[in-house]
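Notes follow once the structure below has been shown.
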Amino acid sequence: MNLPEATNFIEQFINEDLASGKYESRGNEICVRFPPEPNGYLHIGHVKALCINFAVKEKYDGKINLRMDDTNPAKEDYEYVNSIIEAIKWLGFEYDNLFFASDYYDKLYEIAEKYIADGNAYVCDLSAEEITATRGTLTEAGKESPYRNRSVEENLKLFREMRAGKYPDGAKVLRAKIDMSSPNLNMRDPVIYRIAHVPHYRQGDKWCIYPMYDFAHPVSDALEGITHSLCSLEFENHRPLYDWVIEKAGFAQPVPRQIEFARLNITNMLMSKRYLKKLVDEGFVSGWDDPRMPTLVGLKNRGVPPMALRKFCADVGVAKNYGVVNIAQLDECIRDELNVSAERAMAVTDPVKLTVTNYEGEEELDFEINPTDGSGKTRAVKFTGSVFIDRSDFALEPPPKFKRLFKGGYVRLKAAYIVRCDDVKVGADGRVEEIFCTYFPETRSGSTVKSDIKAKGVIQWVDCKYGVDAEFKSFKPLLTDELYPDQDYAERLNKDSVSVAYGKVEPYAANSAEGKSFQLMRTGYYKVCPPENGMARLSEIVSLKDNFNK
RNA sequence: UGGGGUGUCGCCAAGCGGUAAGGCACGGGAUUUUGAUUCCCGCAUUCGUAGGUUCAAAUCCUGCCACCCCAGCCA
């Protein structure tokens, strides 16, 4: 199932809770949730959270909810919720329920009134700037708001008026009454409701006050009966508030427990929604699904198999250390998946003509579709004795250990014959223009005839008569020097991030369905794109390992 | 300088008092009609650091050092 095994410390907490008998009243059912805010597309960083949560669900035979954490109407939209649902489906995950925090607005409001009634919340008239100014600093306590001790009646009246739309944005907020001198800034009377005369994509104009994350999230978890609320490290400081909110709301035991883990970082991969959105908005990429994007649609569009992403997360594991995984590890997972699933095809990205001078006519040869899947299946490849080979497969002056072709040398044309290079036509500029060879009929691929002729290497080729013109596009990753570049990042990210080569490819690959992936031998894994003016087009998913050029 | 976290191989990461898993990367070898794959083999006497407790410590205690997070009416 490709689920992370290393959920170790998370499992430890869950096991503790289970052992304590905390969940006996609920049949010991473990319930988790994946709570994205629908304000952007899911990216590879989210896959980690998804994998961890689904691993827990699987391990404990529990339940998992997908919950849209949509409490900020200014940023959210259906476009995003749909994309999130599709991305999760693409990864092959099946959640038990789809919920929306916005469906809890009534309940949330009710709890807010309870807070007021219990003296745990108050309406504050301070401006945002004033609240910031009175919050104190890391080392100094904050000052209590002059509105902190309003009566329950007044608070209730004011809060209801806020809801009724009597006040403009920013005029008032509802604050939790906790401790202005807490060393944890999150406990210094955090705002839990703000006024925003902004229509909500699902609730329309029903509300003009919206709950804040710190209030809505714990309550949502509790309402759904979540037992373990897994989130990233930056919420550690919020945990006391998380617990406070649930306790004061009066939820019955067992209440959810928040557990934090380190989020995923990958070298050379930008993982901040904010920057990704900027790349899209400013047109540096074609969209959220641009193949250079680390979004799931981007990765999908590039041709990355979903299971490669899952395996990657499983390999990387879960911990609380801040870490940056080398992208080589991701690439390896992608190759690993494609190695057994992608058919092989021959292509040359820098063609040089090779003529077999003693060959006449044409024939069909058997070409193994995928030597690693154990099927042994072959397909036919036409050969006319006149082919293109890659420039890098021939050397005027072969370097040591060179296994490919050079004058006087022997090499096997993959799936065909061993040939010997007799002559080379070199242009005035020193470039090889054509290679002339002799072939040996008894060395035909698959032949049982014994032959003393041996070749050290095998090279690929595309027949001159049948080969198809092709464009090979490669995407370099969106490079960053640091994780969150301050400026010029978009220019740098975009610079040279696409490169194109033109060459020849077998008609088999050229005529394959769009989206099919091939391993272009000794080059990389490529995805078939729709052809344009008679030219086949393939785009790189990930390059192959190359021990020679290293 | 307050609080909350984290420090184990180049990069992730197990380990929870009994003498350092695994993956990626790297190096070497074997097989190979992809210099791919596969397959072997190697790769931390050492766990941020300094002390202490113990027959025994990466694991317990103490001090120190480094890095990350927190002062949104974002999530």
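In this text the structure is predicted, and so the values were computed from the model without any measurement. The sequence lines fix the lettering, A, B, ..., with proteins before strands; numbering per chain opens at 1.
Of the candidates C74(B), C70(B), C24(B), the closest approach to any side-chain atom of M212(A) belongs to C74(B). Candidate nucleotides C74(B), G15(B), U6(B) were compared by shortest atom distance to the side chain of K320(A), and U6(B) ranks first. Closest contact between the side chain of L544(A) and the listed nucleotides A71(B), A75(B), U34(B) involves U34(B). Relative to the side chain of T71(A), the nucleotides U37(B), A75(B), U33(B) differ in distance, and A75(B) lies closest.
Taking only distance into account, the side chain of S445(A) meets the base of U33(B) through a donor-acceptor pair shorter than 3.5 Å. Looking at N237(A), its side chain comes within 3.5 Å of the base of G3(B) through a donor and an acceptor atom. Counting distance only, with no hydrogens placed and no angle test, the side-chain atoms of Q12(A) and the base atoms of C16(B) include a donor-acceptor pair under 3.5 Å. Judged by atom type and distance alone, E236(A) does not reach the base of G5(B) through any side-chain donor-acceptor pair under 3.5 Å.
Rounded to a whole angstrom, the distance from the C1' atom of C26(B) to that of C69(B) is 34 Å. One C1' atom belongs to U31(B), the other to C68(B), and the distance between them is 48 Å to the nearest Å. As rounded to the nearest Å, G23(B) and A44(B) have P atoms that lie 14 Å from one another. U49(B) and C9(B) have their P atoms separated by 10 Å, with the value rounded to a whole Å. Separating the P atom of C65(B) from that of C11(B) is a span of 24 Å, rounded to the nearest Å. Rounded to a whole angstrom, the distance from the C1' atom of G15(B) to that of G42(B) is 23 Å. The P atoms of G2(B) and A13(B) are separated by 28 Å, rounded to the nearest whole Å.
The side-chain hydrogen bond (donor to acceptor under 3.5 Å, both in side chains) test with Y525(A) singles out one residue from Q519(A), R335(A), E337(A), and that residue is Q519(A).
Counting any heavy atom pair closer than 4.0 Å across all strands shown, K273(A) reaches no nucleic acid atom. Counting any heavy atom pair closer than 4.0 Å across all strands shown, E368(A) reaches no nucleic acid atom. Base contact: L126(A) has a heavy atom under 4.0 Å from a base atom. In this structure, G446(A) reaches the bases: a heavy-atom distance under 4.0 Å links it to at least one base atom across the strands shown.
Scanning residues 188-200 of chain A for heavy-atom distances under 4.0 Å to RNA chain B yields V191(A), R194(A).
Between A25(B) and K545(A), a contact under 4.0 Å exists linking OP1 or OP2 to a side-chain N or O.
Annotated as syn: G72(B), whose O4'-C1'-N torsion sits within 90° of 0.
In this structure, A66(B) forms a base pair with U6(B), meeting either the Watson-Crick or the G-U wobble geometry with both donor-acceptor distances under 3.5 Å.
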